[in-house]
Structures are given as structure tokens and as C-alpha cells.
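Notes for the one structure printed next.
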Amino acid sequence: MSSLGNSTNIFWHECPVGKSERQKLLNQKGCVVWITGLSGSGKSTLACSLSRELHSKGKLSYVLDGDNLRHGLNKGLGFSAEDRTENIRRVGEVAKLFADAGLICIASLISPYRKDRDACRAMLTDANFIEVFMNMPLSLCELRDAKGLYKLARAGKIKGFTGIDDPYEPPLNCEIEIQEKNGVCPSPFAMAGQVVSYLEDKGFLHYQ
Ligand SMILES: Nc1ncnc2c1ncn2[C@@H]1O[C@H](COP(=O)(O)OS(=O)(=O)O)[C@@H](OP(=O)(O)O)[C@H]1O
Ligand SMILES: Nc1ncnc2c1ncn2[C@@H]1O[C@H](COP(=O)(O)OP(=O)(O)O)[C@@H](O)[C@H]1O
């Protein structure tokens with residue numbers, strides 16, 4: 001069902017081809033893998049590696065990457081708390097549609113606020129929202145600084161940068177946590193393997 005907001009005189013139209021038929025066709029179950037973490041923690045790397053692994057297993061996935069969506073769907077949104085909330089809400093709604101289409105939707109956004117991630121979780125049935133926390137130390141993310149943004153933030157040239165002068169609220173009850181082992185970050189292939197194992201164990205990679 002939809003939440004109607006300010007619109008009136010609109011009605012929900014059921015389509016005769018349903019989610020279960022699409023899932024049967026694809027032999028998988030639609031869900032959302034929501035990857036959260038600091039800039040540079042490896043969200044996009046995991047998203048791409050996971051999508052590749054799933055593809056090689058014959059499973060259909062689609063990546064919604066925060067940075068990429070800000071070029072289109074979310075063009076015009078900034079990084080205030082309100083804009084981030086709207087950014088996450090929109091991506092949550094799109095992810096829900098992809099999951100309904102039967103796909104394994106991989107959403108990769110900083111999504112720093114717990115309440116925003118929880119709101120996306122609430123859009124789906126609980127088991128179909130798989131929250132993956134990239135639990136990498138800020139020092140590692142800052143050392144990587146692939147885009148040079150931490151340097152700019154430290155120099156005061158970017159204001160409100162997550163982890164520097166803007167908050168990041170780590171998940172309290174995520175389904176999967178990716179972290180360093182003995183001070184070493186797992187490879188992209190190993191990170192993807194951790195998520196694939198979870199999806200396999202929970203029965204998302206088959207439709208019975
Ligand atoms: N102020 C500030 N804080 C954090 N990140 C910033 C900021 N300004 C620009 N960027 C770049 O935007 C990318 C994060 O976009 P998201 O849509 O994932 O952010 S959020 O979920 O709405 O917080 C983020 O991409 P990733 O490094 O892939 O996380 C940055 O490249
Ligand atoms: N598991 C990993 N092992 C080694 N380097 C990684 C790993 N994950 C990410 N990186 C590197 O860290 C940098 C940031 O990764 P990225 O996926 O862009 O992070 P995010 O999307 O969270 O900003 C990139 O240069 C990437 O190649």
C-alpha cells in the first residue's frame with residue numbers, strides 16, 4: 001500500500017503478475033542489501049564485488065550507489081541532515097521497488113542516521129532488509145582518501161563531512177558486519193563472499 005501524503009483521489013492498482021511469479025521466474029527472492037559506512041569504508045567496492053559474484057551465480061542484482069544517484073534522482077540534494085534523510089528515503093523507496101521486482105537490490109550509501117536506515121527497513125518485511133555495516137576505522141578511511149575529500153574536510157574546505165564534523169551512527173542490530181581481521185581488511189572477494197553466504201543460508205538465492 002502507498003502512503004498518500006498530500007495527494008487525494010488516487011487509488012492503488014494491483015497488477016495480475018505478482019512478486020512471487022517474478023521470483024519464480026528468476027529463481028531467487030527479492031531483497032535489499034543495504035550497505036552503510038563512512039566514506040572510503042569500501043561500500044561501493046563491496047557493492048560491485050557482490051553484484052559480480054551474484055551475476056556469476058546466475059542471480060540478478062542491481063546496485064543503487066549514493067554517489068551515482070546524486071547525479072540524477074537525487075540531484076539537488078545536499079548533505080544537511082534533512083537532505084540526507086530525503087536522499088535515504090528516496091533510495092529506500094526505489095530499493096523497495098527493485099526488491100518487489102524480484103531483484104537483489106544492493107544499496108550503498110553512507111546513510112549516517114540510524115532512524116533513516118530503520119525507516120527503510122520498515123518499508124520492507126524485516127527479513128528482506130539486510131543491513132551490512134562496513135565497520136572500518138576512520139583512520140583507514142582517511143588514509144585511503146580515494147577522492148581527497150578527507151583532506152579537504154580536515155582543511156575546513158568541506159563543511160559537514162561525515163566522520164569529521166558530521167555524525168555517523170553505527171548500526172545496533174545489523175545482519176552483517178564487515179571488519180578488519182588482525183588489522184587487515186578482507187579482500188573485496190572475501191567481503192562479497194560473507195554476504196553471499198548469508199543470502200544462501202537465508203534462502204534468497206533460490207525460489208521454492
Ligand atoms: N559532506 C559530505 N559528507 C559525506 N560525503 C560527502 C560529503 N560531500 C560529498 N560527499 C560525497 O558524497 C558521497 C556520499 O553520498 P551518500 O548519498 O551516500 O550520502 S548520505 O547517505 O546521504 O549521507 C560520498 O561518497 P562515498 O565516499 O562513496 O561514501 C562522498 O564522495
Ligand atoms: N576490501 C578492500 N581492500 C582494499 N582496498 C579497498 C577495499 N575496499 C575498498 N578499498 C579501496 O578503498 C577506497 C574506497 O573504497 P570505496 O569502495 O570507494 O568506498 P566508499 O564507497 O565507502 O566510499 C578505494 O580506493 C578502494 O579501492
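Counting starts at 1 for both ligands and their atoms, following the listed order.
Taking a cut-off of under 4.0 Å to the non-hydrogen atoms of G66, the atoms of ligand 1 that pass are 17 (O), 18 (O). The contact set between ligand 2 and C185, taken as ligand atoms under 4.0 Å from a residue heavy atom, comprises 1 (N), 2 (C). Within ligand 1, the atoms closer than 4.0 Å to a non-hydrogen atom of T162 are 3 (N), 4 (C), numbered from 1 in the order shown. Close approach of ligand 2 to S39 (heavy-atom distance below 4.0 Å) involves ligand atoms 23 (O). Below 4.0 Å from some heavy atom of L109 lie the following atoms of ligand 1, by number and element: 17 (O), 18 (O), 21 (O).
Closest protein heavy atom to atom 16 (P) of ligand 1: R70 NE, 3.6 Å. Nearest protein neighbour of atom 12 (O) of ligand 2, counting heavy atoms only, is R144 CD, 3.1 Å. Shortest contact from atom 9 (C) of ligand 2 to any protein heavy atom: T45 OG1, 3.3 Å. For atom 30 (C) of ligand 1, the closest non-hydrogen atom on the protein side is L149 CD1, 3.5 Å. Atom 5 (N) of ligand 1 has I110 CD1, 3.5 Å as its closest protein atom, hydrogens excluded (heavy atom only). Annotation: atom 2 (C) of ligand 1 to nearest protein heavy atom, F161 CD1, 3.4 Å. Shortest contact from atom 19 (O) of ligand 2 to any protein heavy atom: G42 N, 3.1 Å. Protein heavy atom at the shortest distance from atom 1 (N) of ligand 1 is G160 O, 2.8 Å. Of the protein's non-hydrogen atoms, the one nearest atom 1 (N) of ligand 2 is P186 O, 2.8 Å. Looking only at heavy atoms of the protein, atom 27 (O) of ligand 1 is closest to S39 OG, 2.6 Å. The single protein non-hydrogen atom nearest to atom 13 (C) of ligand 1 is D67 OD1, 3.3 Å, given as residue, atom name and distance. Nearest protein heavy-atom contact of atom 25 (O) of ligand 2 is A146 CB, 3.8 Å. Among protein heavy atoms, atom 3 (N) of ligand 1 sits closest to R84 NH2, 3.1 Å. The shortest contact between atom 23 (O) of ligand 2 and any protein heavy atom is with G40 N, 2.7 Å.
Looking at D65 and S44, their side chains do bring a donor and an acceptor atom within 3.5 Å of each other. Side chains of T162 and R84: a donor on one and an acceptor on the other come within 3.5 Å.
Residue K19 qualifies as enclosed at atom NZ: its count of foreign heavy atoms under 6.0 Å is above 12.
Between I176 and Q194, the closest heavy-atom pair is CG2-NE2, 3.6 Å. Of all the heavy atoms in Y150 and D145, the pair that sits closest is N-OD1, 2.9 Å.
Proximity of a side-chain donor or acceptor of E169 to a complementary backbone N or O of R114 within less than 3.5 Å is detected. The closest donor-acceptor contact from the side chain of N128 to the backbone of L124 lies at 3.5 Å or more, if one exists at all. The main-chain N or O of F133 is never found under 3.5 Å from a side-chain atom of T36 such that the two would form a donor-acceptor pair. A side-chain donor-acceptor contact under 3.5 Å links S49 to the backbone of P188. Without hydrogens or angle criteria, T85 side chain to A81 main chain gives a donor-acceptor distance under 3.5 Å. One N or O on the side chain of K43 and one on the backbone of L38 form a donor-acceptor pair closer than 3.5 Å.
In S41, the parts holding a heavy atom less than 4.0 Å from any atom of ligand 2 are both the side chain and the backbone. With a 4.0 Å cut-off on non-hydrogen atoms, D83 does not touch ligand 1 at all. The part of I88 lying near ligand 1 is the side chain, judged by heavy-atom distances below 4.0 Å. Heavy atoms of S44 found under 4.0 angstrom from ligand 2 belong to the backbone as well as the side chain. When non-hydrogen atoms are compared, ligand 2 lies under 4.0 Å from the side chain of M191 (C-beta onward) but not from its backbone. Only backbone heavy atoms of L38 (N, CA, C or O) come within less than 4.0 Å of ligand 2; its side chain stays farther off.
Stacking of R70 on the aromatic ring of F79 is recorded, both the 6.0 Å distance cut-off and the 45° axial limit being met. Geometrically, K115 engages Y113 in a cation-pi contact, judged by NZ or CZ lying under 6.0 Å from the ring centre and within 45° of the ring axis.
Nearest-residue assignment for atom 28 (O) of ligand 1 (options K147, K43, K159; heavy-atom criterion): K147. Nearest-heavy-atom check against atom 17 (O) of ligand 1 across D65, N68, N87 picks out N87. Nearest to atom 8 (N) of ligand 1 by heavy-atom distance, out of Y113, Y168, F79, is F79. For atom 22 (O) of ligand 2, the nearest non-hydrogen atom from the set K147, K43, M136 comes from K43.
Residue contacts with ligand 1: S108 is placed with no nitrogen or oxygen under 3.5 Å of a nitrogen or oxygen of the ligand (distance criterion only). The shortest N/O to N/O separation between S108 and ligand 2 does not fall below 3.5 Å. The shortest N or O to N or O distance between P112 and ligand 1 is not under 3.5 Å.
Using a non-hydrogen distance threshold of 4.0 Å, D166 does not register as a contact of ligand 1. Judged by the shortest distance from any of its heavy atoms, I35 lies outside the 4.0 Å radius around the atoms of ligand 2.
In this structure, Y62 and F98 have parallel ring planes: the angle between them is below the 30° cut-off, well short of the 60° mark.
A salt bridge is absent between K57 and E53; no separation between the charged side-chain nitrogens and carboxylate oxygens falls under 4.0 Å. Under the 4.0 Å criterion applied to side-chain N and carboxylate O atoms, E86 and R89 are assigned as salt-bridge partners. Classification of K59 and E200 as a salt-bridged pair fails, no side-chain N sitting under 4.0 Å from a carboxylate O.
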task = May I have the step-by-step check of side chain to side chain contact (heavy atoms under 4.5 Å, CB included) for K96 and V32, ending in yes or no?
result = CA-CA 7 Å; K96 179 182 169 180; V32 175; 5.8 Å; no
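Proximity of E142 to I164: side-chain heavy atoms (C-beta onward) are separated by under 4.5 Å at one or more points.
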